[in-house]
A.B. asks: 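What follows is a structure written as structure tokens; I'll ask about it next.
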Amino acid sequence: MTQAPAPAQALRISPVALRQKVAQQLERHRNGDAYPVVVVRAEPAWPHDPTMLLPDGRRARIEPCVSPLAVWEHLVADRGDEVLVLLTDIPESVLHHGVRSRIFRERVHTVEPWDLVVDAFGAQLPDPALERESWAGVALLDAMPTAGWPKLATLVLTRDVALRHLAAVRLGLDRRGENPDDLDVATLLRWSAQPGAVEAYGLLREEEQAGLSRWLVEQFGRPAKALFALTAAGRGQEALPLGLVCDALWSIESADAVRAQGRVDQYFGSLNDDATVRGFAEATVQVVTGLLVAPKADVRRQGQAVLDRAEELLVQFNAAGSAGHSPILRTGFNQRIGIAARALLAGLHNAADTALERAVEHLAEHRLAAAETERITRIRMAQRLVCWLGTDVMPPESVADGVDRQIDEWGWADLALNHVWAGEDAHPELQQAFRQIHDRAQARRRELDGAFARRLGAWATAGPGNDGGLLTVENLLPRVVEPLIRADRPVLLVVLDGMSAAVAVQLADELSQHWVEYDPLARAGAGRRRGVVAALPTLTAVSRTSLFAGALRSGNQEHEKKLFAEGRWGKGSRIFHKGPARGGAGEVFAGELAAAVAGPAPVVAVVINTVDESLAHGREGGEAGWQLDDVGFLRSLLDQARSSGRAIVVTSDHGHVLERGGQHVKATDAASARHRTGPGPTAPGEIELTGPRVVADGKRIIALWDPLLRYRPSKAGYHGGASLAEVTIPLLAFLLPNVAEPPAGWAPVEARRPEWWQATATAPAAAPVTSAPVPKPRRKAPAVTGDALFDVPEATAATAAVPAGDGDLVAVLLASELFKAQHSLTPRRVDERKIEAALRALVDAKGVLPVAVLAQRAGEAPVRAGGFVTTLQRILNVDNYPVLSQIDDNRTVRLDLALLREQFGLPGAKP
């Protein structure tokens, strides 16, 4: 006689599953007692709330029963208006007939996992492949979320859909704001790094762990296989740092690396599969790279913690010497910094050596570069200074020449010097390289300042007269702003007290993202950024008052207010200094200022002292340069001017020099940190300035030109002297991109960086600065590309040197049949002469021009610049190949000359 099979083990049931089971039965069998006793075969344990509300509004009470007697006691007890649910693992056959007659449907209801799971998903049948995963039914029932599984729009619940939802719950994706569709290799590896995640996974039933791991490996391959091998060996929580170590050791062939691999293999248990380890390592590099650049600070900190642990494992495995080539470990990053530092020093002695460019690019390719932007920026700045030191630099021929070159080139060198001075906090070789580069570049700047001071002394004595279009601080408003007033164009004049050419470089780059920079004195020529000569001495009381007065004089805020009140710059014009411009609680700036900018005033002038005040008090943080958000409420003020349609003029009253370990010179007649007024003779580093431009008693001062000298106690920076950085005032003028018609004489600035700033082309050997007059070489700088200010652009076909004959290339293009066909298909037929002018301008600029400049060269109105470029793209981009593209947030146009030749079959095309 065969024995009946033993009843299946009772399942542990979750509140969600039990509620679904009871509701399902009550819905299917509505006749009978409204508050029955429902007996469910399940594990007789209930650590949850003893009552629950059913979907139809009835309340149910749950009681575990470990024996038939316990079931009977609950049956005969007074239970009131509630459904009684008894959980028991007793087989139905054990219960007496009298007991069964009192319970719902006279039976013990067995929990069939697939029945509940399929119903929970809103399906009707489970996929046979899912049913074969016998462990999954119980797991899906146990893991069911409080709100139940999501309802599907299909009749069949497939294996992959069900297991993906199960994995999402077991891996806690919902706690991280993710959903089952987000489950991928990266999500899986990030899960392993969550505190307690791997340990919690180990608490699952063994069959569920094995089945879920098997499915995840099937879905995500080698990285998942390696991860669960580590998990089985008790090392799953170290998957990410270990993966970085594996990436270093399995990508190099050396005896030390092989020995370290053997030590690492123990962490993987019996895996012994190099291909799986390599796939795992590659995936971890991608995941940790994402952590390091994540928007959230806590995620970035997690990435740094992974790197810390990876470095510890390198030491533990005695493998640090084999990880220098790593593209993500700190060991590899530090090694690349060392290579770059040595290349910087070598570049000082051999400017033609291309090793420096390769070393810096190799460093920038490291995955830590994105998280170490300040260090990379400083190294790039040092590279640029090395390139600058490798070029011939002639002394200024005149004050006008010196001011122009300070704006065009030497102010950029000052910016780079400031970054290099900020220094390096950890790497001795890089510190040494920065020190030597800074000292060499600073020495060159001092020579240029000395040469300029001699020109300034002669010019001040003779007075202005032979410097052509030289712009001085007292004629800035008459020549730039007054024509706008006469043309009824409202102006916002921002005076950033103390702004130097170096500060203007970075601010102009940011402002150009939303505005178009113009040269207000271009007349018929090409636009360029202008410099202005400050009054002497280069102090606020002299130079700023001269700016607002339109004449050389000394004064203060009250004098400046009086000039505006008298209508010197148009009736109703207003000036706001630091106090009146600041807003109260809840205001970025004063409501009165906001009303003036939005109103009809011809000129609204605002003085912002942020830069000047930093010279006295220093700045928080060690990074050099000025971002737009560093300058008071300038961003918000410009936004207000944008909505009011005002032209923007941003300038200063003088520049400044920074404290760079200078020397205190004792002087009893010091009138400021950088000038004195006594009758004594000049000493080294000083220049005597006399004449009509000197606003002082006797029209005479003695000013320091050497930026390393000062007369007063140390501060963060100084002004009042005769150096290029103090005397040169940058002038930045902006209009909205869609302005209908720019003011007369205004032309877009062809914003150009010095050739050495690109830091890609080799340069001739350095030549010393001499004071003897020499012919000034023609300076031609490359057009600005769409790359960020501190990026070194890669050499491309568009930015490469234009081959000889490219001017004639335009004529050949315009005569081609394909061009004529493309031109005829455009909805808006643009005058071919405009197309020719635009193409020739692009060729002359080596393929890259700002949109506004391109439109101006083609004779197209600025308001139609965007449409003009779009039309050119329709003509030139045959089969959608990017012959002409817009970069830099559509501010810049790039012509790919090689692709142009190829697409139109022009001479010089590659076969």
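In this chain, numbering begins with 1 at the start of the sequence shown. It should be emphasised that the depicted structure is a prediction, and the values quoted were computed from it without experimental measurement. Only heavy atoms go into these numbers, but all of them, side chains included; no hydrogens, no water, no symmetry mates.
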A.B. asks: Do the side chain of H656 and the main chain of G498 share a donor and acceptor less than 3.5 angstrom apart?
C.D. replies: yes
A.B. asks: Checking S652 against D497: is there a side-chain donor and acceptor pair closer than 3.5 Å?
C.D. replies: no
A.B. asks: Tell me, please, whether W421 has R378 positioned over its six-membered ring: NZ or CZ under 6.0 Å from the ring centre and within 45 degrees of its axis?
C.D. replies: no
A.B. asks: In this structure, which one of E726, E686, H719 forms a side chain to side chain donor-acceptor pair (under 3.5 Å) with R674?
C.D. replies: E726
A.B. asks: Would the distance check show the side chain of T538 and the main-chain N or O of A534 forming a donor-acceptor pair, the cut-off being under 3.5 Å?
C.D. replies: no
A.B. asks: Is the NZ or CZ atom of R642 both under 6.0 Å from the centre of the six-membered ring of W515 and within 45° of that ring's axis?
C.D. replies: yes
A.B. asks: If the threshold is 4.0 Å, N to carboxylate O, is there a salt bridge linking D706 and R446?
C.D. replies: yes
A.B. asks: Would you name the heavy atoms of H366 and L329 that are closest together and state the gap between them?
C.D. replies: NE2-O, 3.2 Å
A.B. asks: I need the Q406 CD to D449 CG distance, nearest 0.5 Å.
C.D. replies: 7.5 Å
A.B. asks: Can you give me the closest heavy-atom contact between V473 and A535, atom names plus distance?
C.D. replies: CG1-N, 3.5 Å
A.B. asks: Please report the shortest heavy-atom distance between R336 and H325, naming the atom on each side.
C.D. replies: NH2-O, 3.6 Å
A.B. asks: Have a look at L634 and tell me which of I608, D629, T610 forms a side chain to side chain contact (heavy atoms under 4.5 Å, CB included) with it.
C.D. replies: I608
A.B. asks: Does E361 form a salt bridge (Lys or Arg N to Asp or Glu O under 4.0 Å) with R380? I'd like the steps, not just the answer.
C.D. replies: CA-CA 9 Å; E361 289 307 311; R380 287 197 187 279; 3.2 Å; yes
A.B. asks: Using modelled atom types and a 3.5 Å cut-off, is there a donor and acceptor pairing between side-chain atoms of R710 and backbone atoms of S672?
C.D. replies: no
A.B. asks: Tell me, with the steps shown, if H419 and R384 meet side-chain contact (heavy atoms from CB on, under 4.5 Å).
C.D. replies: CA-CA 11 Å; H419 280 273; R384 286 161 174 156; over 6 Å; no
A.B. asks: Would you sort out whether R455 and D401 count as a salt bridge (Lys or Arg N to Asp or Glu O under 4.0 Å), showing the intermediate values?
C.D. replies: CA-CA 10 Å; R455 300 291 185 188; D401 181 47; over 6 Å; no
A.B. asks: Answer with yes or no whether the side chains of R330 and Q304 bring together a donor and an acceptor at under 3.5 Å.
C.D. replies: yes
A.B. asks: Give the minimum heavy-atom separation between A340 and L356, together with the two atoms involved.
C.D. replies: O-CD1, 4.3 Å
A.B. asks: Do the side chains of D639 and R635 get close enough for a salt bridge, i.e. N-O under 4.0 angstrom?
C.D. replies: no
A.B. asks: Check this for me: does any side-chain nitrogen of one of K578 and E613 sit under 4.0 Å from a carboxylate oxygen of the other?
C.D. replies: yes
A.B. asks: For the side chain of T391 and the backbone of W388, is there at least one donor-acceptor N/O pair under 3.5 Å apart?
C.D. replies: yes
A.B. asks: Over all heavy atoms of both residues, which pair between V749 and P850 is shortest? Give the atoms and the distance, please.
C.D. replies: O-CG, 4.3 Å
A.B. asks: Any Lys/Arg nitrogen of K715 or E659 sitting under 4.0 Å from an Asp/Glu carboxylate oxygen of the other?
C.D. replies: no
A.B. asks: Among residues at least two apart in sequence or on other chains, which ones pass salt bridge (Lys or Arg N to Asp or Glu O under 4.0 Å) with E424?
C.D. replies: R375
A.B. asks: Do you know which two heavy atoms are closest between A413 and W756, and how far apart they sit?
C.D. replies: N-CH2, 3.6 Å
